[in-house]
2 protein chains.
Amino acid sequence: MARNKYPEETINLILDISLKLFLSKGYDNTSIQDIIDGLGGLSKGAIYHHFKSKESILLAAYKRMSDIVEEQMVKIRDNQSLNGLEKLREMFMSSLKNLKQRDLIAVTPNLLENPKFLAIQMNMMIEEIVPRYIEPVIRQGLTDGSIHTDYPRELADVLILMSNIWLNPLIYPFTEENVADKIGFFNELTKSLGLSLLDKGMEQHLIDIQRKRKKQAKEIS
Amino acid sequence: MARNKYPEETINLILDISLKLFLSKGYDNTSIQDIIDGLGGLSKGAIYHHFKSKESILLAAYKRMSDIVEEQMVKIRDNQSLNGLEKLREMFMSSLKNLKQRDLIAVTPNLLENPKFLAIQMNMMIEEIVPRYIEPVIRQGLTDGSIHTDYPRELADVLILMSNIWLNPLIYPFTEENVADKIGFFNELTKSLGLSLLDKGMEQHLIDIQRKRKKQAKEIS
DNA sequence: TTATTTAATACCGACCGTCGGTATGTATAT
DNA sequence: ATATACATACCGACGGTCGGTATTAAATAA
């Protein structure tokens, strides 16, 4: 294949194919050859020219995926017209919407069967999302009076753990019947922590996500 | 090497070595050859006679490790003289003590760098611990009046998620200074959920675990 | 009971295909 | 002219298999 004048296209192509394969078959079960086969003529040399290892492809793919979320987070965090609590709400809504729109749900059978992905995500939560976005916003809430807690750091940890892990249907699968219970409990818990995070749209989003998953599961079987 | 009259000894030897290697170097970075080298004369044939794959060794090793915990869980769950809340407390204390005693802490640098282990543990929580032990005990608590909640299933999920993941120093590392905050927040949260799970011993256990980790980290460096 | 045969088990180690990764070569764009 | 974007042949390490052998346990015969 001829040399591409715009190598970024090649990089994105590699990331597209790889991400799709990693999500659908799992990282470990995806070989470099699988990626090459999906590349339409490009060879191993192309891959290892742009990436130094298989793992670095995974990291780049994940990063490209999460950059969109991060962008939104930055915007919300630095928005001058919202108080802390409002920012938290916005962040939750935004990550829910994102989960809904992403291809993720459409191809991944189960994140627990994709240990590498699970670990990356948890690491991202602990090292980036909480300290860079959630905790600062909670601390702002403490100052502007919209949030009350003695444990800003811990509150941030647990909120993210619940929303990103426990409310993630790719990790904790749930049925349409018990979505309401999940939301209900989450709502009760946040309220008793002095937050009121949920608005009406949230439940609908989760139900939509659930439906999308169910539909997908049917199509596969 | 001569044939062993008691093959269980061989099996346990394989599991001992493998578990140690998996925990210290990570599953992916441990080769079958590494295991063989630690076996003292036994060969690849021995391993593949007793186990059908590398992954099955991991599963067996994890199972053997968690069987002890499970045994204690069964005992507590089926103890006739405790109410639901008391059983929950016992279970938390027991799993804390266990974490403290296990070699785990002494060798594992970080569970996030051991994705396979992390995934197994999360899967165990969701598929076994919650439905078999935590949820039933909470439901008993509903009946005997020691626990009040509209969401037994969800409460069980989140309690285990917090104690096994968020309070696990191998996943969420913490320093001696913020142990108190973690405990404090956990205590506040459970109390506001109508539970009072912590007793005095718990904090000390967590501090001990933390100290053990710190000491270990020093010895390595 | 004891001796002999038979069958099952425990283990060895050479070998295989596949994998991630490398080295070197070549064509194209700047 | 030179740096870049690939192609391709190749490498060592990996997980796993397979035929073979030694040892034990079970079945049978004496």
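Numbers restart at 1 for each chain; the letters A, B, ... are given by sequence-line order, proteins then strands.
Here the P atom of nucleotide C:dA10 and the CZ atom of B:Phe51 are 12 Å apart, to the nearest Å. C:dT18 atom P lies 16 Å from atom CG of A:Asn29, rounded to whole Å. Taking atom CZ on B:Arg3 and atom C1' on C:dA10, their separation rounds to 5 Å, with Å as the unit. Between A:Ile57 atom CD1 and C:dG20 atom P there is a gap of 9 Å when expressed in whole angstrom units. Going from atom CD1 of A:Ile35 over to atom C1' of C:dT18 covers 15 Å, rounded to whole Å. Straight-line distance from the CG atom of B:Leu42 to the P atom of D:dT21: 20 Å, rounded to whole Å.
A sub-4.0 Å separation between OP1 or OP2 of C:dA10 and a side-chain N or O of B:His49 is present. OP1 or OP2 of C:dT9 has not a single side-chain nitrogen or oxygen of B:His50 nearer than 4.0 Å.
Each of B:Lys5 and A:Tyr6 was assigned the nucleotide of DNA chain D with the nearest heavy atom; the assignment lying further toward the 5' end belongs to A:Tyr6.
When atom types are taken as modelled, the side chain of A:Arg77 and the backbone of A:Arg132 share a donor-acceptor pair closer than 3.5 angstrom. Within the 3.5 Å criterion, the main-chain N or O of B:Ser56 finds a donor-acceptor partner in the side chain of B:Ser53. Using modelled atom types, one side-chain atom of A:Tyr27 and one backbone atom of A:Glu55 make a donor-acceptor pair closer than 3.5 Å. With hydrogens and angles ignored, the 3.5 Å screen pairs no side-chain donor or acceptor of B:Asn79 with any backbone N or O of B:Lys75. Listed for the B:Lys116 side chain is no donor-acceptor partner under 3.5 Å among the backbone atoms of A:Lys116. For B:Lys52 (side chain) and B:Ile57 (main-chain N/O), no donor-acceptor pair under 3.5 Å exists by modelled atom type.
The only option from A:Thr108, A:Asn114, A:Asp34 that meets the side-chain hydrogen bond (donor to acceptor under 3.5 Å, both in side chains) definition with A:Lys25 turns out to be A:Asp34.
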task: Tell me, with the steps shown, if A:Asn164 and A:Ile129 meet side chain to side chain contact (heavy atoms under 4.5 Å, CB included).
output: CA-CA 11 Å; A:Asn164 287 20; A:Ile129 302 178; 4.1 Å; yes
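A side-chain N or O of B:Gln33 and one of B:Asp37 form a donor-acceptor pair less than 3.5 Å apart.
Within a heavy-atom distance below 4.0 Å of DNA chain C, no residue of residues 9-17 of chain A is found.
Comparing C:dC11, D:dC6, D:dT23 by their closest approach to the side chain of B:Ala46 singles out C:dC11.
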task: Treat primed atoms plus P, OP1 and OP2 as sugar-phosphate and everything else as base, then score nucleotides 12-18 of chain D 5' to 3': B for base contact with protein heavy atoms under 4.0 Å, S for sugar-phosphate contact only, - for none.
output: --SBBB-
